[in-house]
Amino acid sequence: MPGFEFFGAEERKEVNDVLETGILMRYGFDGPRKGIWKAKELETAITQTFGCKYAQLTSSGTAALTTAMVALGIGAGDEIIMPSFTFVASFEAVLSVGAIPVLVEVDETLTLAPDAVRKAITPKTKCVMPVHMCGSMADLDALAAICKEHHLILLEDACQSIGGTYKGKALGTIGHAGTFSFDFVKMITCAEGGVVMTNDKEVYTNSDGYTDHGHDHLGVDRGADLHPFIGYNYRISELHAAVGLAQIRKLDTFLAIQKKNNHSLRSYLEQIPEITFRVVPEGGVDSCSFLSWFLPTAEATQAVVAAMKETGILAGNFYWFANNWHYISKWDHLKKATTLSRISAEQEAALLKLQTTQFPASDAIISRCISTAISLVWTEEQIKEKGEKMVACIKKVLGK
Ligand SMILES: *Cc1c(COP(=O)(O)O)cnc(C)c1O
């Protein structure tokens, strides 16, 4: 998955362009920057590569989610329906805007189960936020239909699925807005960075101003800009954008290698009839950044994890059920509402309620799932060795 595996002369060249002028900021300094606008260039490249009208870069994927929520008018007390399986950043962003995260069950797509979303809708629901985990996607047609029926916003957390598509459209460009993360371990990286993508001009204009203290960016003199609303600083720097610009040009290469390596490893696991794979909704194309597979039972899965550890091949394999960062089972800080400063009584009550909320359907899926991260630098020989060792571990556990 990570673009950092292919870091080289192209990234150095783009960063050097910025270092030559010394203008490290994305706005202003029109003369001294000598025509170098890496953030602007990257935003244009994003709109062209992924097919959306507007793109606003941010300092991180988390900042992109926060910005998207604010730009969409989501705020205090609004409920956002999101999956129980995601990276912590998803609920961090929800809390940051004063909204309430409503966690619901996932299905074998590894993200929002449409039925669970339907059941969670209340008069306070404002948004449905699928998180396209591990390179593949939610059943977006089903979720879009629910949103339309109930007049809800569809916001895609596509931070982990750069390059995946659904019915011909890039993930992250299908909802009212969508976000990518360009942190160090994502498909393409800026070191730190993110983007809000949208086809709605107002959402874009709001994002543009919000990420830069509310500047309207209408004049030529930054100091004379007006501030139509209160903003924040979630700007990306030119240095970070420069890295991303080199990376986005390599995206097609990354995706092709990833697909080849993913399918190659999958062919080994397919030899075992008891192994099933993550469901990709009809019309979806997985970015192939992970191979996510299921064993018949939680016990067998834990035994396979132990066997892979013993064989020395566990690195790069994620058993999310026991992972500190990605599944509700380990989010004690969330369930205890452990924050450094006071949050609203409404938010606190919603978080404490999670202590007694059960997620039996998600438990039954996530406890049987292992996701293998696909490296861009594996050789065929290494995939063969990995595949054969994985198969041996699985067969041993299944008693075959
Ligand atoms: C990485 C990630 C984010 C946040 O990205 P950062 O750039 O690290 O802030 C948000 N959601 C998901 C699902 C992610 O994987």
Side-chain angles (χ1 to χ4, degrees), residues 1-50 52 54-67 89 159-160 162-163 172 179-197 204 207-225 231-255 257-258 375-377:
M1 149 152 119
F4 75 72
E5 292 180 323
F6 268 59
F7 189 91
E10 301 82 4
E11 285 77 5
R12 283 193 288 276
K13 193 253 163 210
E14 294 301 320
V15 173
N16 271 329
D17 286 351
V18 178
L19 293 176
E20 290 293 333
T21 67
I23 305 303
L24 311 183
M25 189 187 185
R26 68 160 301 180
Y27 296 113
F29 304 91
D30 293 25
R33 70 191 313 135
K34 300 193 177 109
I36 306 284
W37 299 91
K38 297 300 180 189
K40 274 190 203 230
E41 227 184 303
L42 179 53
E43 284 168 350
T44 304
I46 289 168
T47 59
Q48 289 167 351
T49 305
F50 301 103
C52 56
Y54 308 102
Q56 176 64 45
L57 286 168
T58 58
S59 50
S60 71
T62 312
L65 282 170
T66 296
T67 300
C159 287
Q160 257 189 45
I162 301 172
T179 63
F180 287 156
S181 161
F182 302 126
D183 80 20
F184 197 54
V185 296
K186 296 304 203 279
M187 183 78 203
I188 49 180
T189 184
C190 292
E192 298 287 355
V195 69
V196 178
M197 294 174 292
Y204 165 69
S207 300
D208 175 62
Y210 188 71
T211 50
D212 186 24
H213 303 296
H215 277 263
D216 66 5
H217 297 142
L218 291 177
V220 285
D221 175 5
R222 200 173 148 71
D225 274 352
Y232 218 83
N233 178 2
Y234 286 135
R235 291 187 304 255
I236 195 165
S237 83
E238 282 288 276
L239 291 171
H240 291 88
V243 176
L245 197 53
Q247 289 260 304
I248 199 171
R249 293 182 186 133
K250 301 177 180 178
L251 178 63
D252 285 346
T253 311
F254 292 174
L255 288 169
I257 298 171
Q258 208 160 252
S375 168
L376 297 173
V377 296

With distance as the sole test, does T189 use its side chain to make a donor-acceptor pair with the main-chain N or O of D183 at under 3.5 Å? yes
Just wondering, do C159 and T179 contact through their side chains at under 4.5 Å, heavy atoms? yes
Under the side-chain contact (heavy atoms from CB on, under 4.5 Å) rule, what do T21 and F29 come out as? Steps first, then yes or no, please. CA-CA 10 Å; T21 67; F29 304 91; over 6 Å; no
Does CZ belonging to F7 count more than 12 external heavy atoms closer than 6.0 Å? yes
Can you tell whether the side chains of E20 and K34 come within less than 4.0 Å, N to carboxylate O? no
Decide yes or no for C190 and L57: does some side-chain heavy atom of the first lie under 4.5 Å from some side-chain heavy atom of the second? no
Heavy-atom closest pair, residues T211 and Q56: OG1-NE2, 3.4 Å
Which heavy atom of A89 sits nearest a heavy atom of L65, and at what distance? O-CD1, 4.1 Å
Rounded to the nearest 0.5 Å, what separates atom OH in Y234 from atom OG1 in T58? 9.5 Å
Could you tell me whether the side chain of N16 reaches within less than 4.5 Å of the side chain of L19, counting heavy atoms only? yes
Any heavy-atom pair between the side chains of E5 and F254 that's under 4.5 Å? no
Tested for side-chain contact (heavy atoms from CB on, under 4.5 Å) against I188, the lone hit among L251, V243, T49 is L251
Heavy-atom pair of closest approach, residues G194 and A64: C-CB, 4.3 Å
Heavy-atom closest pair, residues V18 and A242: CG2-CB, 4.0 Å
Minimum heavy-atom separation for A191 and H240, please, with both atom names. CB-CD2, 3.9 Å
With side-chain contact (heavy atoms from CB on, under 4.5 Å) as the criterion, how do C52 and T47 come out once you've worked through the C-alpha distance, each side chain's angles and the decisive distance to 0.1 Å? CA-CA 5 Å; C52 56; T47 59; 4.2 Å; yes
Aromatic plane relationship, F50 with F180 - under 30° parallel, 30 to 60° tilted, over 60° perpendicular: perpendicular
Salt bridge (charged side-chain N to carboxylate O under 4.0 Å, His left out) test vs K38 passes for just one of E11, E14, E238, namely E14
Do Y27 and R235 come within less than 4.5 Å of each other through their side chains, counting heavy atoms only? yes
Electrostatic pair E10-K250, nearest N-O below 4.0 angstrom: yes
For the residue pair Y204 and Y54, categorise the inter-ring angle as parallel (less than 30°), tilted (30 to 60°) or perpendicular (more than 60°). parallel
For the pair R33 (side chain) and G28 (backbone), establish whether a donor and an acceptor sit closer than 3.5 Å, ignoring hydrogens and angles. yes
Parallel, tilted or perpendicular: ring planes of H217 versus H215, cut at 30 and 60 degrees: parallel
Mind checking whether I46 and L42 have side chains closer than 4.5 Å, heavy atoms only? yes
Evaluate whether atom OH of Y232 has more than 12 neighbouring non-hydrogen atoms of other residues, nucleotides or ligands under 6.0 angstrom away. no
Once you round to the nearest 0.5 Å, how far does CD of E41 lie from CG of D17? 8.5 Å
I need the minimum non-hydrogen distance between P2 and V185, along with the two atoms involved. CB-O, 3.8 Å
Could you go through the side-chain contact (heavy atoms from CB on, under 4.5 Å) check for L255 and Q258 one step at a time? CA-CA 5 Å; L255 288 169; Q258 208 160 252; 4.2 Å; yes
In Å, rounded to the nearest 0.5 Å, how long is the span from CZ of F182 to CD of E192? 12.5 Å
Is there side-chain contact between L245 and R249, with at least one heavy-atom pair below 4.5 Å? yes
Rounded at 0.5 Å granularity, tell me how far CD1 in I236 sits from CG in D212. 13.0 Å
Validation row: D30, W37 side chains within 4.5 angstrom (heavy atoms): yes
